[in-house]
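Since the structure comes first, as structure tokens, the remarks are kept for the end.
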There are 2 protein chains.
Amino acid sequence: MTGQVRDAVRTRRALLDAAARAVVVHGAGVSLDAVAREAGVSKGGLMHHYRSKDELMAALADDLFDQFARAVEDRIDPADTAPGRRLRAYVRATFDDLEKTQDAVEQTTLMATLSAFPEPARRAQERYRRWNRTLAEDGVDPQRILVVLRACDGASIAPLFEGPLGPEELAGTRSLLLALATGTGPLVG
Amino acid sequence: MTGQVRDAVRTRRALLDAAARAVVVHGAGVSLDAVAREAGVSKGGLMHHYRSKDELMAALADDLFDQFARAVEDRIDPADTAPGRRLRAYVRATFDDLEKTQDAVEQTTLMATLSAFPEPARRAQERYRRWNRTLAEDGVDPQRILVVLRACDGASIAPLFEGPLGPEELAGTRSLLLALATGTGPLVG
DNA sequence: CGGAGCGTACCGACCAGACGGTTTGTTAGC
DNA sequence: GCTAACAAACCGTCTGGTCGGTACGCTCCG
């Protein structure tokens, strides 16, 4: 049944979505009350599903990472068998996110804020290391990977400091990074 | 006199340093008490110099930006007259900071945390826009500037998510970015 | 079929402590 | 002696977390 009054899965989903919105608005100082209210749940209900604020934030972080990982997998071109196909998918996923102008700033704010909590920060490290390993097994020159990854990260946080990026700037950087992610040899001067 | 008991300049310096340390340890939730204690000053003393938490954080952010700006200026090679000399100085300043391993993670944590406060966030935007303008007047292809800047930003926040970066990785990325910052033409595939 | 029993989902009042900021008081230096 | 630099006690508010209780929905037995 979909119309159930009690539905743990649905409630948890609502709580995560509400938490995301509330964190963007109120910053790291969000109150659990605010999150619960935003989700249309009592604070007791929230505490039933997430036993502490840290646990809620950790769950939120995991959710975001999962979404991004799925986005990358979705963007692997099946016709593309050349080395670096996963790295290129990573670039596409990054910039597709950035092009949803509204979301971009919020997403970034969200991640930056989350990194202020201990458990989310730890999980972020774990995920990043995993990406490093995964992408390294893709046949591209390590230097290229590094630059492309750093530039992706930089582009991701840029909205936080500079506001939304212009579409032409995004498109330019995107194609440039895709090009960098395509060659196999080292790139020098 | 240097041995004065009352010295506003010295006290403010101590407060900013203490705030930096305290923010790194306690995150965005630092209490003013903690900062004051760390600085060896009473809370009243703190409030005398900075009338609110936001004001303290803004001052801290300004301090960091000023330091970085000075670091860039210091690293402009006087013998280097080719286009992009300031961009290369920017790269050097970024990676010199990153190589002080201890500081790197803390510095990044600090910036990320600060960006959670309204006033510091606004000032960060202002500074970044200024850098964009300044570096654009340096004769390098805009695309190159963008990639190099993004990669610098990315490298700066990487420690936050991945822990300290290895020296060989840093050296590699650094020289690669310096190379990218040297050519004047557009770089394609 | 039905209703008793039970576990999970959820509610809402409550508390202890902490925090930002104010106020009032004290002392150093010009 | 007057002002700026501090100190210290204080206050109202808010927050994370707890707890006792309620309502829903399933299951299993008769």
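Reminder, nothing fancy here: chain letters follow the sequence lines and each chain counts from 1.
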Rounded to the Å, how far apart are [X] [atom1] and [N] [atom2]?
X	N	atom1	atom2	answer
A:Leu46	D:dC19	CG	C1'	16 Å
B:Arg37	D:dA7	CZ	P	14 Å
A:Tyr50	D:dT18	OH	P	17 Å

Between [X] and [N], is there a contact of a side-chain N or O with OP1 or OP2 at under 4.0 Å?
X	N	result
B:Thr11	D:dA5	no
B:His48	D:dC6	no
A:His49	C:dC10	yes

In this structure, which one of A:Arg86, A:Arg85, A:Arg88 forms a side-chain hydrogen bond (donor to acceptor under 3.5 Å, both in side chains) with A:Asp80?
->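 Going through the options one by one, the only one that passes is A:Arg88.
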Check B:Ile157, B:Asp153, B:Leu160 against A:Asp153 for a side-chain contact (heavy atoms from CB on, under 4.5 Å) and give me the one that passes.
->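 Option passing the side-chain contact (heavy atoms from CB on, under 4.5 Å) with A:Asp153: B:Ile157.
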Pair B:Tyr90 + B:Phe68: ring centers closer than 6.0 Å |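 Ring centroids of B:Tyr90 and B:Phe68 are less than 6.0 Å from each other.
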Scan nucleotides 18-23 of chain C against the protein and return all N/O pairs shorter than 3.5 Å with their distances rounded to 0.1 Å.
| from | atom 1 | to | atom 2 | distance (Å) |
| --- | --- | --- | --- | --- |
| C:dG20 | OP1 | B:Val30 | O | 3.1 |
| C:dG20 | OP1 | B:Lys53 | NZ | 2.6 |
| C:dG20 | OP2 | B:Leu32 | N | 2.8 |
| C:dG20 | N7 | B:Lys43 | NZ | 2.8 |
| C:dG21 | OP2 | B:Lys53 | N | 3.0 |
| C:dG21 | N7 | B:Lys43 | NZ | 3.0 |
| C:dG21 | O6 | B:Lys43 | NZ | 2.5 |

Decide whether a cation-pi geometry holds between A:Arg12 and A:Tyr50; the criteria are a distance under 6.0 Å from NZ or CZ to the six-membered ring centre and an angle within 45° of the ring axis.
->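 Because its charged atom sits under 6.0 Å from the ring centre and within 45° of the axis, A:Arg12 does stack over A:Tyr50.
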Residues B:Arg92 and B:Asp74 bridged, charged N to O under 4.0 Å =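 Salt bridge flag = no for B:Asp74 with B:Arg92.
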Salt-bridged, B:Arg129 to A:Glu162, with N to O below 4.0 Å?
->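 Salt bridge: no.
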